[in-house]
Structure formats: C-alpha cells, structure tokens
Amino acid sequence: MDKLRKQRNSNWGQAYGDSPITTTSFEEMVRRLKLSENEYRSSIPLRQWAQKHKDSKYVPQDLLEAWGIVVKF
C-alpha cells in the first residue's frame, strides 16, 4: 500500500502553473493579413481561409454565421 502512495502524483487535479499562451491558427492568419476586428467580415482572404479550414481549425462562430459557412461535426 505504501508503494502505491509514493507513485501517485501529488499535483493531480491542480491547474498548471506556467502554461504557455499559444495563438490559434485563426489568430495567426489575422496577424498575417494585418486585419483589425472591424475588417474580419469584409476580408476575402480570411473568408477563403475559413472556408478551407472550417472543419479542422478554430473560426469564430459569429464569422461562420455571417459568411453562411456550415461546419461538419
């Protein structure tokens, strides 16, 4: 019984302290296109990217709806 206790992770269930902050593919594309939030809906390249990657990458739901893009689940 003591052997099992020594093998347990004492941090189990606790939040990680220094988790790296990563950007989504959507955010990277917005940065590459140098778009402000006000320009998202009118950006043809962003819409084309979203259409191509809608089923595998994060795209904000409101943009998908505005563009009439349907995601497969």
Side-chain angles (χ1 to χ4, degrees):
M1 188 71 155
D2 288 330
K3 188 176 183 179
L4 289 176
R5 285 188 182 166
K6 290 179 184 179
Q7 292 177 354
R8 289 185 1 192
N9 182 353
S10 61
N11 294 322
W12 187 87
Q14 296 180 7
Y16 293 105
D18 295 328
S19 297
I21 297 173
T22 58
T23 58
T24 64
S25 298
F26 175 81
E27 292 167 327
E28 290 174 15
M29 180 54 73
V30 165
R31 188 176 302 131
R32 264 189 243 143
L33 295 172
K34 299 178 183 173
L35 298 174
S36 69
E37 279 189 51
N38 295 335
E39 298 172 310
Y40 290 0
R41 290 180 189 225
S42 62
S43 173
I44 293 171
L46 185 60
R47 183 178 182 171
Q48 291 170 337
W49 180 88
Q51 181 66 45
K52 182 178 179 181
H53 298 286
K54 66 183 179 3
D55 297 317
S56 61
K57 306 286 184 186
Y58 167 77
V59 180
Q61 187 66 35
D62 62 324
L63 286 178
L64 292 171
E65 291 172 1
W67 290 328
I69 297 174
V70 179
V71 177
K72 296 177 189 173
F73 289 103

From Arg47 CZ over to Ser42 OG, what is the distance, rounded to the nearest 0.5 angstrom?
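Arg47 atom CZ to Ser42 atom OG measures 11.0 Å (nearest 0.5 Å).
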Who pairs with [X] by side-chain hydrogen bond (donor to acceptor under 3.5 Å, both in side chains), at least two apart in sequence or on another chain?
X     : result
Thr23 : Glu28
Ser36 : Glu39
Glu65 : Gln61
Glu27 : Thr24

Could you identify which residues cluster with Ile44, counting Ile, Leu, Val, Met, Phe, Trp and Tyr as linked when any side-chain heavy atoms lie under 4.5 Å apart, either directly or through a chain of such contacts?
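Other cluster members: none.
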Could you identify which residues cluster with Leu63, counting Ile, Leu, Val, Met, Phe, Trp and Tyr as linked when any side-chain heavy atoms lie under 4.5 Å apart, either directly or through a chain of such contacts?
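Phe26, Met29, Val30, Leu33, Leu35, Tyr40, Leu46, Trp49, Tyr58, Val59, Leu64, Trp67, Ile69, Val71, which link up through side-chain heavy atoms under 4.5 Å apart, make up the rest of the cluster.
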Begin with the C-alpha distance, continue with both residues' side-chain angles, and end with the deciding distance and a verdict on side chain to side chain contact (heavy atoms under 4.5 Å, CB included) for Lys54 and Val70.
CA-CA 8 Å; Lys54 66 183 179 3; Val70 179; 5.9 Å; no
